[in-house]
Amino acid sequence: MPIMGKEEINAVTRVLKSGILTGRLGSGPMAKQFEDNFAKFAEAKHAIAVNSGTAALHMSLWGKNITRGNEVILPSFTFIATAEAVALVGAKPVFVDIKPNTYNVDPEKIEPAITSKTRAIMPVDLYGLPAEMDKIREIADKHDLFVVEDAAQAHGSSYKSKPPGHFSDVACWSLYASKNMTTGEGGMLTTNNDEYAEKLRLLRSHGEKEEYKAALLGHNYRMPEIEAAIGIEQLKKLPTFAEKRRKNAENLTKKLGGLKRLVLPVEPRSCRSSWYLYTVRLRNGTVKDRDKVIHDLRKKGVGAGVYYHTPIHLMPYYRQLESYILPETEKAADQVFSLPVHPGLKDTEVNYVTKTVRQILR
Ligand SMILES: Cc1ncc(COP(=O)(O)O)c(C=O)c1O
């Protein structure tokens with residue numbers, strides 16, 4: 001459940017009373033303000049507000065002219081939108097395996113997947129834990145590749161003390177209702193590249209510099225003013241949300257320690273997770289064992305979930321493009337499950353979650 005207060009309600013009311021519900025050529029006053037605030041938060045030169053994280057990902061590749069005949073390297077263990085963006089621009093998604101302890105793309109698997117057609121690498125900061133961005137940047141520089149970081153789940157995370165986007169060419173954020181901060185639906189791109197940012201602003205609104213004069217092929221990916229007004233308030237609250245998520249995650253880790261069947265999430269020294277999801281793993285478990293645990297937890301009122309049951313390379317659309325064998329990805333998809341960690345969770349509820357997990361896995 002998103003946490004909304006009187007600040008968001010008042011901000012929405014102000015927009016409704018102002019009569020400015022959107023900005024015709026891109027962003028309206030609220031969206032501009034939100035972009036400025038978000039750019040500061042992400043330590044980026046530019047922030048471009050759009051109407052979903054998927055739109056941000058799509059635009060990130062489109063804005064770089066990545067298209068038919070090109071390849072983009074990405075993990076298969078992510079939300080579908082990461083791969084969708086590649087498919088939507090007509091490029092070929094090339095899936096590589098993950099590291100079993102972090103669930104993030106394994107940098108060592110990237111270089112062997114590079115061909116003369118490769119144009120970009122798309123690491124995902126899965127569950128809010130940053131990918132190994134310095135290593136990925138190094139590979140990209142060596143092969144002259146563009147790096148799009150899917151930071152949809154990573155608001156408040158950092159890698160070597162730098163926020164998402166620092167080591168990449170562009171970071172794509174989601175502001176969907178379940179995210180660490182939300183505008184209901186919404187997204188953001190952050191980049192330090194002036195020319196690219198300018199192009200993204202055009203693409204967002206039909207490629208128009210002037211009304212009814214499209215200079216480029218674009219789309220309507222504009223963020224409505226009501227959403228931007230909510231975003232401004234949510235961004236102010238993000239540090240408090242992040243602190244509560246961290247506290248809940250630390251509490252879960254403390255209280256779930258010592259269970260032989262459970263692998264707890266790691267936070268390597270170079271990383272600060274946003275704890276979007278607290279994801280554990282059933283050691284040596286089959287998909288049936290894991291699903292039974294989920295079933296038992298839900299029966300006892302614990303909102304456990306699986307992110308993600310089916311790796312993208314095994315979904316019908318992608319399977320017909322090319323077949324991949326990604327052992328770590330497939331194993332993780334069978335064994336992981338996530339426990340509640342959201343900032344609305346009280347200490348007593350964390351205690352109930354851990355007590356119930358202990359009973360079930362004893
Ligand atoms: C990893 C990842 N990428 C992309 C997206 C797409 O974002 P949206 O739902 O805002 O389109 C999401 C979230 O939904 C996500 O979790």
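In what follows, every heavy atom counts, from backbone to side chain, and hydrogens, waters and symmetry copies are set aside. Keep in mind the model is a prediction, meaning the values are calculated, not measured. Start at 1 and go down the list; that is how both ligands and their atoms are numbered.
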Review point. How far apart are the C-alpha atoms of Thr115 and Glu71, what are their side-chain angles, what is the distance that settles it, and do they pass the side-chain hydrogen bond (donor to acceptor under 3.5 Å, both in side chains) test?
Key: CA-CA 8 Å; Thr115 72; Glu71 293 177 359; 2.9 Å; yes
For [atom], what's the nearest protein heavy atom and its distance?
| atom | answer |
| --- | --- |
| atom 16 (O) of ligand 1 | Gln153 NE2, 2.8 Å |
| atom 12 (C) of ligand 1 | Phe79 CD2, 3.4 Å |
| atom 2 (C) of ligand 1 | Ala152 CB, 3.4 Å |

Review point. Under 30°, 30 to 60°, or over 60°: which ring-plane class applies to Trp62 and Tyr221, parallel, tilted or perpendicular?
Key: perpendicular
Review point. How are the rings of Phe95 and Tyr318 set relative to one another: parallel (under 30°), tilted (30 to 60°) or perpendicular (over 60°)?
Key: perpendicular
Closer than 4.0 Å to some heavy atom of [X] - which atoms of ligand 1 meet that?
| X | value |
| --- | --- |
| Thr54 | 6 (C), 7 (O), 8 (P), 11 (O) |
| Ala81 | 4 (C), 5 (C), 6 (C) |
| Thr78 | 1 (C) |
| Gly53 | 7 (O), 8 (P), 10 (O), 11 (O) |

Review point. So is Gly186 close enough to ligand 1, meaning a heavy atom under 4.0 angstrom away?
Key: yes
**Study point:** contact_flag Leu57 ligand 1 heavy-atom lt 4.0 Å
**Key:** yes
Exercise for review: Please work out whether any backbone atom (N, CA, C, O) or any side-chain heavy atom from C-beta onward of Glu185 is under 4.0 Å from ligand 1, and answer side chain, backbone, both or neither.
Suggested key: neither
Revision key, fill the gap. Going by the 4.0 angstrom heavy-atom rule, the piece of Asp150 near ligand 1 is side chain
Exercise for review: Assess the pair Phe167 and Tyr159: is the distance between their ring centroids shorter than 6.0 Å?
Suggested key: yes
Exercise for review: May I ask you to check whether Tyr196 and Phe146 place their ring centres under 6.0 Å from each other?
Suggested key: yes
Point to revise | salt bridge (charged side-chain N to carboxylate O under 4.0 Å, His left out) partners for Asp141, two or more places apart | key: Arg137
Practice item. To the nearest 0.5 angstrom, please state how far the CG atom of Leu361 sits from the CG atom of Leu262. Key: 5.5 Å
Review point. Yes or no on ring-ring contact (aromatic ring centres under 6.0 Å, His included) for Tyr127 and Trp275, after CA distance, side-chain angles and deciding distance?
Key: CA-CA 6 Å; Tyr127 307 143; Trp275 294 110; 9.7 Å; no
